[in-house]
Amino acid sequence: MTPQPVPSRAELLAALQLQYDWGVDEVLSEETIDRLSDVPRSLPARIEPLQARPSLPKESPAPASPGLEQARDLPALIRASETLDDLFLSRTATHRLKPVCVDDAPFMLIGETPDADEDRSGALFSGRAGDLLDRMLATAGLERSVLSMAPAVPWRPPGGRGVTDQEMRSCRPLLLKTIALCRPPFLVTMGVTPLRLLLGDQAMLNRLRGKWTEIRIPELDAPVALLPMRHPLQLAASPAARRNAWQDLLVLMERLSAENTELNKS
């Protein structure tokens with residue numbers, strides 16, 4: 001057998017440099033290594049399970065300020081809310097959506113966080129949302145002029161972003177006081193924001209829509225019935241959303257019919 005020539009130092013360095021350029025970063029041994037031989041035969045000592053960390057207490061709802069609690073009508077409530085330091089949204093929105101209280105209204109309609117049309121006009125259910133709402137109400141033989149209405153959050157967040165948990169906690173006392181002053185026979189919420197403001201941040205619109213529930217409102221003696229519905233702008237999402245809206249309207253119309261019957265009897 002012809003002996004192989006011994007590579008020179010320069011050739012060895014060149015080969016090493018080539019492997020480095022190719023990304024080789026580990027040298028493997030030519031001998032088989034039994035890595036299981038290093039494993040201890042006995043089982044390790046049992047590790048005690050870690051104790052669960054204590055859950056942090058949930059933040060309690062923001063208490064109503066003295067100014068809100070002392071308000072005796074909507075104008076006074078609006079003036080009191082304009083001086084609250086924790087309602088930062090009021091500093092960035094173009095307009096504030098003001099609640100509307102109608103005497104002897106059949107119910108109160110609570111809308112979503114203001115969209116761009118509402119922020120520009122300062123009126124509840126403006127633009128396309130208002131057109132769709134009018135058509136929905138007409139199906140039930142109603143007009144918005146006979147309804148009390150309120151926004152879940154009076155100010156549009158910057159850029160139309162979602163409302164933060166802190167902002168919802170700050171706006172909740174304002175919404176509750178608005179309902180207490182208007183004293184509606186029942187409530188109809190449109191969208192997820194008013195639902196979570198009134199029932200908690202775990203409330204799911206898809207599970208609760210079209211079903212009556214009751215809530216307690218401070219300053220009101222009896223519980224108030226509440227019907228969650230989709231927001232008018234959600235109707236364009238899918239045919240299923242439009243079917244849901246029609247089903248919810250039937251539930252609302254049934255309630256209104258029953259109350260009219262009781263009123264006629266009396």
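Throughout, residue positions are numbered sequentially from 1 according to the sequence presented.
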Check your understanding: Any link between Val224 and Met149 through a network of hydrophobic side chains (Ile, Leu, Val, Met, Phe, Trp, Tyr) touching at under 4.5 Å?
Key -> no
Review point. Would Phe107 and Arg255 count as a side-chain contact (heavy atoms from CB on, under 4.5 Å) if you check the C-alpha gap in whole Å, the side-chain angles of each, and the deciding distance to 0.1 Å?
Key: CA-CA 11 Å; Phe107 59 88; Arg255 176 69 176 251; over 6 Å; no
Check your understanding: Can you list the residues that meet the ring-ring contact (aromatic ring centres under 6.0 Å, His included) rule with Trp246, with sequence neighbours excluded?
Key -> none
Check your understanding: Does Ser257 use its side chain to pair, donor to acceptor, with the backbone of Met253 at less than 3.5 Å?
Key -> no
Exercise for review: Return yes if some donor-acceptor pair links the side-chain N/O of Ser126 with the main-chain N/O of Gly122 below 3.5 Å, else return no.
Suggested key: no
Check your understanding: Looking at Pro157 and Thr113, what are the two nearest heavy atoms and their distance?
Key -> CD-CG2, 3.3 Å
Check your understanding: Atom CG in Leu220, atom SG in Cys182: separation rounded to 0.5 Å?
Key -> 10.5 Å
Point to revise | ILVMFWY network linking Leu137 to Leu132, side-chain heavy atoms under 4.5 angstrom | key: no
Practice item. Please work out whether the ring planes of Phe125 and His231 are parallel, tilted or perpendicular, with thresholds of 30° and 60°. Key: parallel
Exercise for review: Please answer whether the main-chain N or O of Val192 pairs with a side-chain N or O of Glu112 as donor and acceptor at a distance below 3.5 Å.
Suggested key: yes
**Study point:** Non-hydrogen side-chain atoms of Val153 and Pro194 separated by less than 4.5 Å
**Key:** no
Point to revise | Point-to-point distance, once rounded to the nearest 0.5 Å, from CE of Met190 to CG of Leu133 | key: 5.0 Å
Point to revise | Closest non-hydrogen atom pair, Ala241 against Leu235 | key: O-CD2, 4.0 Å
Review point. Hey, is the main chain of Gly191 close enough, under 3.5 Å, to the side chain of Gln234 for a donor-acceptor pair?
Key: no
Check your understanding: Taking atom CG of Asp104 as the centre, does the number of heavy atoms from other residues, nucleotides or ligands within less than 6.0 Å exceed 12?
Key -> no
Review point. Which heavy atom in Ala71 sits nearest to a heavy atom in Leu181, and how many Å separate them?
Key: O-CD2, 3.8 Å
**Study point:** From Asp73 atom CG to Leu77 atom CG, the distance as rounded to the nearest 0.5 Å
**Key:** 8.5 Å
Review point. So Leu226 and Glu214, side-chain contact (heavy atoms from CB on, under 4.5 Å) or not? Walk me through it.
Key: CA-CA 6 Å; Leu226 182 151; Glu214 289 186 341; over 6 Å; no
Practice item. Determine yes or no for a side-chain-to-main-chain donor-acceptor pair under 3.5 angstrom, with Arg209 supplying the side chain and Arg207 the backbone. Key: no
Revision key, fill the gap. Output for pair (Asp248 CG, Arg230 CZ), nearest 0.5 Å, gives 8.0 Å
Check your understanding: Is there a chain of hydrophobic side chains (I, L, V, M, F, W, Y, each step under 4.5 Å between heavy atoms) that links Leu208 to Leu249?
Key -> no
Check your understanding: Measuring from Arg196:CZ to Asp201:CG, what's the distance to the nearest 0.5 Å?
Key -> 7.5 Å
Check your understanding: What is the distance from atom CG of Leu187 to atom OG of Ser148, rounded to the nearest 0.5 Å?
Key -> 10.0 Å
Check your understanding: With the 4.5 Å side-chain cut-off for hydrophobic clustering, are Leu74 and Leu175 part of the same group?
Key -> yes
Check your understanding: Any Lys/Arg nitrogen of Asp134 or Arg144 sitting under 4.0 Å from an Asp/Glu carboxylate oxygen of the other?
Key -> yes
**Study point:** Side-chain (Glu254) to main-chain (Val251) donor-acceptor, under 3.5 angstrom
**Key:** no
Review point. Under 4.5 Å between side-chain heavy atoms, hopping through other hydrophobics if needed: is there a path connecting Ile110 to Leu124?
Key: no
Practice item. Report the residues that fulfil side-chain contact (heavy atoms from CB on, under 4.5 Å) with Ala240, sequence neighbours left out, ordered by chain and then residue number. Key: Ser238, Arg243
**Study point:** Test log, rule side-chain contact (heavy atoms from CB on, under 4.5 Å), inputs Phe186 and Glu259
**Key:** CA-CA 11 Å; Phe186 62 86; Glu259 293 195 351; 3.8 Å; yes
Point to revise | Shortest non-hydrogen contact from Thr193 toward Ala152 | key: CG2-CB, 4.0 Å
Practice item. Heavy atoms only: give me the nearest Leu195-Pro228 pair and the separation to one decimal. Key: CD1-CG, 3.7 Å
Practice item. Please step through side-chain contact (heavy atoms from CB on, under 4.5 Å) for the pair Thr189 and Met229, ending with a clear verdict. Key: CA-CA 6 Å; Thr189 59; Met229 294 180 60; over 6 Å; no
For residues 94-103, which side-chain N or O atoms pair as donor and acceptor with protein atoms under 3.5 Å away, sequence neighbours left out?
{"unit_1": "Thr94", "atom_1": "OG1", "unit_2": "Asp119", "atom_2": "OD2", "d": "3.1"}
{"unit_1": "His95", "atom_1": "ND1", "unit_2": "Asp119", "atom_2": "O", "d": "2.9"}
{"unit_1": "His95", "atom_1": "ND1", "unit_2": "Arg120", "atom_2": "O", "d": "3.1"}
{"unit_1": "Arg96", "atom_1": "NH1", "unit_2": "Ser81", "atom_2": "OG", "d": "2.7"}
{"unit_1": "Arg96", "atom_1": "NH2", "unit_2": "Ser81", "atom_2": "OG", "d": "2.8"}

Review point. If you look at every heavy atom in Ala236 and Arg128, which pair is closest and at what distance?
Key: CB-NH2, 4.5 Å
Check your understanding: Ignoring hydrogens and geometry, is there a side-chain-to-backbone donor-acceptor pair from Lys177 to Glu69 under 3.5 Å?
Key -> yes
**Study point:** Arg161 and Glu167 ion-paired at < 4.0 Å
**Key:** yes
Check your understanding: Hey, is CZ on Arg242 packed in by over 12 heavy atoms from elsewhere, all under 6.0 Å?
Key -> yes
